[in-house]
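Start at 1 with the first residue, then count along the sequence. Order of listing sets the numbers, starting from 1, for every ligand and every atom in it.
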Amino acid sequence: MTLEEKCSLLSGEGNFTTKGVKRLNVPPMFLSDGPHGVRKQAGAADHLGLNASLPATCFPTAASVANSWDPALGEEIGRYLGEECLAQRVNVLLGPGLNMKRSPLCGRNFEYFSEDPYLAGKMAASYIRGIQSKGISACPKHFAANNQEHLRMASDSVVDERTLREIYLTGFEIAVKESKPKCIMSSYNRINGVYASENAKLLQEILVDEWGFDGFVVTDWGGSNDHALSVAAGNHLEMPSTGGTSDLELIDAVRSGKLDEALLDRRVDEYLTVLMDTVIPEDTATAFDVEDHHAMARKAALSSAVLLRNEDNILPLKAGTAVAVIGDFAQTPRYQGAGSSMVNTTKLDSAMDAMQESGLQVVGYAAGFLRHGGEDQAKLDEAVALAKKAQVAVLYLGLDEIAESEGMDRAQMRLNDNQVKLLHAVAQVNSNVVVVFSGGAPVEMPWLEDCKALLHGYLSGQAGAGAVVDLLTGKVNPSGKLAETYPIRYEDTPAYRNFPGAERTTEYREGPFIGYRYYDTAGVPVRFPFGFGLSYTTFAYDQLEVSPTQVRFRITNTGERAGAEIAQVYVSSHGQVFHPVKELKGFTKIYLEAGQSQTVTIPLDDKAFRYFNVKTDRFEVEGGTYDILVGASAADIRLTGSVEVAGTGAPNPYEGLKLPSYESGKVSDVPDAEFAALLGRPIPQTKWDRTRLLDRNDTFAQLCYAKSWVGRLVYRILSGKKKKAEEAGKPDLNILFIYNMPFRGVAKMMGGAFDMAMADALLEIFNGHFFKGVGHLLGARSRMNKRMKAYREALANAGK
Ligand code: BGC
């Protein structure tokens, strides 16, 4: 290959396609979102899910399926996804997403599995195995420490090394080691000052050298900063297309000696290995069995819904019960999230149809509230009147489409007031209220006492509505358990003071105390603990036997119905090095007939007792006694044993440091000095420095600081549009994307209309040098056009 050909391979041809080399029979590749269904856009492609895609099965989102705690299910879903990729000729499926739920307000939590890296890693690995069993490639994302949407392309995640390794990387480690993904997506953000796509420590030392990754790394869309730096660091492909301008950057870098050509060859080689490995044979079927795939989506939804409350055993509802179906979500289900993961469904179940077919006696339907908030007394009155006529009022409540989305974080954690008001009004006239909830992330539930039962379907996919009715009627026994904690109030969450960060950085001051690791250690009461979920039957645990390598115990179904139980193994350390009081290190899901007992064995693997030691720069084990806690949830420990574990004899890395917040787990307000001590360096400046000029990596949101009126005018227009859309209750994803985009994005996201030199000239204009900037812009444009012409000719003449 010529230098031009090699460089051409490492950036996109279109929004989701890569370039091939025709004369050498190197085919292009097709990459498609997204985690819970295939989103292949046949027409105009965009990366925000704005334009329609080919019909595909919409499975429940990751936040939902994580509640199944069932890797076998994840693998099965993966196989179905893989089959749809084959049918649509997609070589790489851009998922699963396995970032940690650091705050319940991250707008994209619905796409992620859990607040626990062990659970997230196991589930992600299962999807990847399933997807790749079909001969294509999965692409776990977003690697790494990408835990918010606010300023996602510029923000710097300031996180101590131990927390990074134990919390934010362990899920990826499990996924990479246990399922060998052929691709991984680097995240938009910086990690401790370095962009993920340029982070050699992350992409080379950890991913390749430590974990043995042998696939290729793709940037998140528009996430590339300096293409040559990223190729050098271990990021292969840049997406989407920059019209070839990034290829020129690579060529220049090789010619100037900035990038060693041998390293370029290695990247091309690694990339081609996957490319040739994921070619889809010509004779592959172009259709899939829509009904069978829909049934699989229903099966997934059935295993993933969580029964959170069931006072007086009001559920399951008996056949013939007179039910009032209330709530807009019964008519128009909320079953997936917004953004790049949005699937165009093959079909969509409705709760009303499912109710009619269920054997329940439906006395009527009332919308009850305006979906996107606001008062409507007539709707409320109608619902209350209907509730009076029924034995049971089933209320479909939830977060609406604009409450959670890629591209923005949630502003608060409450349910719309009009829904809370409706629930209260209905509860006054009918004491048998069952709430069915949809939404991809926790809400505060001060209203819980107004319902007798609460079934959380999460975002249950295209067949979710039917699955929920099967669970309400007891056709299937609920068996999901929460993969995240439900705090009582947002103020109770550990990152409350530091999420989503100020302008330049987001400080992970809570350290490793995220989710239940915080609530349990600091003694903060919660609404529903991690790992919690009810069933229509009951389970007893006994006969515990523990060793450093495995945990065995017996589970008995002590109720009158068959059902599945999720048993969890937590490890608790008594060592010198501070630790959360317990951490999940194993789990199993087991189906038992009424009265049946079974002994289960859960292995304790290399993650069970390790911690990351910042002094020795590797995982170590403290020798001593560890408690092994077997629970039905993080707060419901049924059996306790202990084991003696031999240590690796490493020194306590925190010896001599004052870390009282971390020692007690009370990390809600860590002082600067203590966070700096944990970081091992001064805390980087987070506020914007008004004396400096804007640079490539500042965002359009920071144009408010521009020296020139042009920049400030652009800011006013953008923020005006953003505000208007928000006030209208419909955030504009395109505007949000630009608002949060760094200036370099102009060269990375506009298909080659600009290159980096032109982006820099634009910055000159914003920085107050209007005429100079315009001159440079025109000059850069003409140079770019000339160079692109020569580059295209070089490609066309290659080998001649
Ligand atoms: C998202 C990715 C997605 C990509 C392509 C980005 O904005 O962060 O998750 O795969 O777009 O659509």
Inset, instruction - List the steps and the verdict of ring pair (Phe, Tyr, Trp, His ring centres under 6.0 Å) for Tyr458 and Phe110. - result: CA-CA 8 Å; Tyr458 265 74; Phe110 68 87; over 10 Å; no
Please list, in number order, the atoms of ligand 1 under 4.0 Å from a heavy atom of [X].
X      : value
Leu94  : 10 (O)
Lys141 : 2 (C), 3 (C), 9 (O), 10 (O)
Glu406 : 1 (C), 6 (C), 7 (O), 8 (O)
Phe16  : 5 (C), 12 (O)
Met185 : 10 (O)
Arg39  : 12 (O)
Tyr188 : 6 (C), 7 (O), 8 (O)

Minimum side-chain heavy-atom gap [X]-[Y] below 4.5 Å:
X      : Y      : value
Met296 : Ile77  : yes
Ser224 : Thr219 : yes
Leu98  : Tyr127 : no

Legend entry - Selection from Asp33, Asn146, Asn15, Leu733 by shortest heavy-atom distance to atom 3 (C) of ligand 1: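 Ranked by closest heavy atom to atom 3 (C) of ligand 1, first place is Asp33.
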Legend entry - Option nearest atom 9 (O) of ligand 1 (shortest heavy-atom distance, choices Arg108, Arg152, Gln41):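 Comparing heavy atoms across Arg108, Arg152, Gln41, the nearest one to atom 9 (O) of ligand 1 lies in Arg108.
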Legend entry - Residues which pass side-chain hydrogen bond (donor to acceptor under 3.5 Å, both in side chains) with Lys19, listed by chain and number, not counting sequence neighbours: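 If we apply the side-chain hydrogen bond (donor to acceptor under 3.5 Å, both in side chains) test to Lys19, skipping adjacent residues, the hits are Ser11, Asp247.
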Inset, instruction - Indicate, as side chain, backbone, both or neither, the part of His142 found under 4.0 angstrom from ligand 1 when only non-hydrogen atoms are considered. - result: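 Near ligand 1, His142 shows its side chain, while the N, CA, C and O stay back.
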Legend entry - Backbone or side-chain N or O of Glu111 under 3.5 Å from ligand 1 N or O: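 N/O-N/O distance under 3.5 Å: no.
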Inset, instruction - Name all pairs fulfilling the salt bridge (Lys or Arg N to Asp or Glu O under 4.0 Å) condition that reach into residues 106-128, sequence neighbours left out, sorted by first residue then second. - result: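 Every salt bridge (Lys or Arg N to Asp or Glu O under 4.0 Å) pair that includes a residue of residues 106-128, provided the two are not neighbours, is Arg108-Glu111, Arg108-Glu406, Asp116-Arg517, Lys122-Glu178.
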Legend entry - Residues Glu84 and Thr57: side-chain donor-acceptor under 3.5 angstrom: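 Indeed, the side chains of Glu84 and Thr57 share at least one donor-acceptor pair under 3.5 Å.
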Legend entry - Check: Asn189 side chain, Ala144 main-chain N or O, donor-acceptor pair, under 3.5 Å: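 Yes: the side chain of Asn189 pairs with the backbone of Ala144.
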